[in-house]
Q: 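Can you read through this structure? Questions will come right after.
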Amino acid sequence: MGDSIFTCCYVPPHPPGEGEPAGSRRAKTMASNSTSISSDKRFLVFFDFDETIVDETSDDVVVQTAPGQHLPAWLKDTYQPGRYNEYMQRVLAYLAEQGVTESDIRGSMEKIPATPGMLTLFQFLRTRPPQDFEVVLLSDANTFFIEAWLRRAGARQLFHRIFSNPATFNRDGRLVLRPFHSHDCVRCPSNMCKQVIVRDYVARRAQERGRPYQRVFYVGDGANDFCPATSLGPRDVAFPRRDFPMHRLITETHEAMPGEFKAVTVPWSSGEEVVQRLRKLVAE
């Protein structure tokens, strides 16, 4: 069996007039943390969170904790394209001002339903031989939302690493959200390019392991999942949620530029479809 073509790493240049960017520091932390993972994993699986693992968008769900379950127009009007992380920082500050507590937010996350078949997929990954899958979560949500849901679902231990925007509660009870990193990708929001994270992680893990993975899999749904999927090789597999933006962008790329998108594409409506394909691939 051949290996994944992931062999390189893109590191964004320093912004003009600045020293080492936060993204580089975070990448070093990523590298040091990954050394504790077993080096015998055959396959690497990336998961998105919102509308991939869970069937709703966690940022929309947290808004339901606001008075009247909606935000005032003046706050919604502050949103700027590409600056969603900054907008959510203001949303979370507003919720704290309105008396929304950590318990309220945690409870709202814990109630989000999983996407169809996702828990079956988790069970499949959990029961495979330990050398089969290294599982990583990569999301533009935030660490508090994700950790709250995974722990409630009993799925936290499945994930070897979680990469998301840091979010912690301060002394005043406000959930403080920060951007994950900075980058130069024109396709992605200013706070996160998943392709940068994926390339860096895979390259560092290949160096630590002394060899690449046999295959890399990416399970997602959104437009920001298309960017990392473009770096998958011909033996890797992209699992876009059927009829969601990631799927549409892959389809459009196939039609406009045949051969440009290299990965095998397996659309899914239920996690059970992902299980079926993974079951075949691990048997090869």
Side-chain angles (χ1 to χ4, degrees), residues 47-119 122 137-156 159 162-181 188-192 194 219-226 241-248 269-271:
F47 279 89
D48 173 48
F49 183 67
D50 288 329
E51 296 192 293
T52 295
I53 290 176
V54 294
D55 208 19
E56 298 178 31
T57 300
S58 55
D59 285 344
D60 292 341
V61 171
V62 79
V63 168
Q64 297 172 17
T65 64
Q69 299 187 339
H70 68 271
L71 301 176
W74 65 262
L75 178 54
K76 290 188 284 187
D77 289 344
T78 66
Y79 169 71
Q80 295 178 329
R83 299 285 178 178
Y84 188 76
N85 184 268
E86 296 171 18
Y87 169 72
M88 281 306 301
Q89 292 175 31
R90 293 189 290 272
V91 169
L92 294 171
Y94 171 79
L95 293 178
E97 292 169 0
Q98 300 303 309
V100 177
T101 66
E102 177 177 349
S103 178
D104 294 332
I105 294 176
R106 185 186 304 276
S108 69
M109 293 302 114
E110 292 176 345
K111 294 176 183 177
I112 304 176
T115 53
M118 189 54 57
L119 297 182
F122 285 178
L137 198 157
L138 176 56
S139 169
D140 197 14
N142 68 69
T143 54
F144 181 83
F145 289 1
I146 293 168
E147 292 273 359
W149 191 91
L150 289 178
R151 293 186 187 283
R152 178 66 173 179
R156 177 61 185 88
F159 293 90
I162 294 175
F163 299 115
S164 190
N165 302 297
T168 55
F169 282 87
N170 65 11
R171 294 179 180 177
D172 298 326
R174 175 167 66 92
L175 185 57
V176 179
L177 175 67
R178 300 188 303 279
F180 183 82
H181 65 181
C188 294
S190 61
N191 63 293
M192 177 176 284
K194 293 183 177 182
V219 186
D221 74 282
N224 68 344
D225 295 311
F226 173 74
R241 193 172 182 184
R242 192 180 305 276
D243 297 329
F244 277 66
M246 180 186 180
H247 185 205
R248 291 195 292 270
S269 297
S270 167

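What you see is a predicted model; the values in this text were computed from it and never measured.
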Q: Quick one, Asp50 and Phe145 - any side-chain contact, counting heavy atoms below 4.5 Å?
A: no

Q: Taking Thr143 for the side chain and Ala167 for the main chain, is one N or O donor matched with an acceptor at less than 3.5 Å?
A: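 Yes.
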
Q: Going by heavy atoms in the side chains, are Pro72 and Tyr94 under 4.5 Å from each other?
A: yes

Q: Which heavy-atom pair separates Ala148 from Glu110 by the least distance, and what is that distance?
A: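 Closest pair (atom of Ala148, atom of Glu110, distance): O-CG, 3.9 Å.
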
Q: Side-chain contact, heavy-atom cut-off 4.5 Å: Ile53 with Phe122?
A: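 The answer is yes, as the side chains (C-beta and beyond) meet within the 4.5 Å cut-off.
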
Q: Ignoring hydrogens, what is the shortest heavy-atom contact between Gly68 and His70? Give both atom names and the distance.
A: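 For Gly68 and His70, the tightest heavy-atom pair comes out as O-ND1, 2.9 Å.
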
Q: For a quick test of reading the model, state the closest non-hydrogen atom pair linking Leu92 to Leu175 and the distance between them.
A: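 Heavy-atom minimum between the residues: CB-O, 3.5 Å.
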
Q: What are the two closest non-hydrogen atoms of Pro116 and Arg241, and how far apart are they?
A: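 The pair with the smallest heavy-atom distance is CD-NH2, 4.0 Å.
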
Q: How far apart are the C-alpha atoms of Gln98 and Thr65, what are their side-chain angles, what is the distance that settles it, and do they pass the side-chain contact (heavy atoms from CB on, under 4.5 Å) test?
A: CA-CA 10 Å; Gln98 300 303 309; Thr65 64; over 6 Å; no

Q: At their closest point, which heavy atom of Asn165 faces which heavy atom of Asn85, and how far apart are they?
A: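 Result for this residue pair: CG-ND2, 3.5 Å.
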
Q: Treating Trp149 as the side-chain partner and Ile112 as the backbone partner, does any N or O pair qualify as donor plus acceptor under 3.5 Å?
A: yes

Q: Whether Lys194 and Asp48 form a salt bridge (side-chain N of Lys/Arg under 4.0 Å from carboxylate O of Asp/Glu) is what I want to check.
A: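 Looking at Asp48 and Lys194, the cut-off is met.
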
Q: Sub-3.5 Å donor-acceptor pair from the side chain of Ser108 to the main-chain atoms of Val62, do we have one?
A: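 Not at all, since once roles are kept as given, no pair shorter than 3.5 Å links the two residues.
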
Q: Closest heavy-atom contact between Ser58 and Ala141?
A: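 For Ser58 versus Ala141, the nearest heavy atoms are OG-CB, 3.7 Å.
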
Q: Any side-chain to backbone donor/acceptor pair from Arg174 onto Phe169? Under 3.5 Å, distance only.
A: no

Q: Start with the C-alpha gap between Thr52 and Asp221, add the side-chain angles, then the distance that decides, and say whether side chain to side chain donor-acceptor pair (under 3.5 Å) holds.
A: CA-CA 6 Å; Thr52 295; Asp221 74 282; 2.8 Å; yes

Q: Ignoring hydrogens and geometry, is there a side-chain-to-backbone donor-acceptor pair from Arg156 to Phe159 under 3.5 Å?
A: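 Between the backbone of Phe159 and the side chain of Arg156 there is a qualifying donor-acceptor contact (under 3.5 Å).
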
Q: Exactly one of Leu95, Leu75, Leu177 should register a side chain to side chain contact (heavy atoms under 4.5 Å, CB included) with Arg90. Which one does?
A: Leu75

